[in-house]
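Order of listing sets the numbers, starting from 1, for every ligand and every atom in it.
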Amino acid sequence: MRFDVLTLFPEMFEGFFSSSIMKRAMDQRLVEASLVNFRDYSTDKHRMVDDTPYGGGGGMVLKPEPLFRAVEALTEETQVRPPVLMMSPQGTPFTQKKAEALSRHSRLILLCGHYEGFDERIRRHLVDEEISIGDYVLTGGELAAMVVMDSIIRLVPGVLGNAGSAEEDSFSTGLLEYPQYTRPADFRGWKVPDVLLSGHHAQIARWRRQQSLERTLERRPDLLEHAPLTDEERAWLKQRKSDS
Ligand code: 9D3
């Protein structure tokens, strides 16, 4: 997997790229990343990358030329152009499903803007997809690009150790995770549920599933609509809802 990140703030990625999982993945050549400051592709005398909007109004708008030239420089020698993703508050909300789909590509180009908007021609003629990471306002697309890359990197085979296999994640069961405990069995009088100490594996599995269901009903009832549940579990949920 290769990422090319186009940003005016490449230094924001230093911590992320030198962090343990990412660093290991890059050292193992499983993941490759390049940072491009698209200001380097401005042909303007003052290296300008933004300008005032036609029609007036406040704020600045990112000019098309530097971004087009930066993407073209990256893809000059490529047979098939990799998807160009724009980090944008107006994008499609990012999901695990989208992370999985993107992880099937071998290369992705990510565009980050700051508080400025993008000239619409960038959207229309350079970008394949616009991605938002949620309904809150960031100062720029850089953190969103890191979120997107982080979620994809962990899906690349070999990046996670065997321990944290991406398979068993809560988002693949469609439910929130069950509560976990480790030693001591009694911490300041707060005891680990007996069932977990019982050694009855079937009972433990049932308890965990029940806890996942209850927690999901409590915190994320929206997830239950699409979660793969047994008829028994559906019936239990219906009962549970009519009780409250
Ligand atoms: C004046 C209208 N604002 C849109 C809500 C302008 C604006 C605010 C913040 C334009 C860009 C930004 C910076 N945010 C991103 O670039 C961004 C983002 C976000 O703010 N929230 C969630 N996902 C993303 S992806 C990129």
Q: Would you check, one step at a time, whether the test salt bridge (Lys or Arg N to Asp or Glu O under 4.0 Å) holds for K98 with E129?
A: CA-CA 11 Å; K98 176 52 72 179; E129 285 186 56; 2.7 Å; yes
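- In this structure, ligand 1 sits under 4.0 Å from heavy atoms belonging to M87, S88, P89, H114, Y115, I131, S132, I133, G134, Y136, V137, L138, T139, G140, G141, A144.
- A salt bridge links D4 with R2: at least one charged nitrogen is closer than 4.0 Å to a carboxylate oxygen.
- Cluster membership check: M60 does not share its hydrophobic cluster with F118, using side-chain heavy-atom separations under 4.5 Å among Ile, Leu, Val, Met, Phe, Trp and Tyr.
- Taking 4.0 Å as the cut-off between side-chain N and carboxylate O, D27 and K23 count as a salt-bridged pair.
- In this structure, D222 places its CG atom where more than 12 heavy-atom neighbours from other residues, nucleotides or ligands lie under 6.0 Å away.
- Using a 4.0 Å cut-off between charged side-chain N and carboxylate O, E214 and R240 make a salt bridge.
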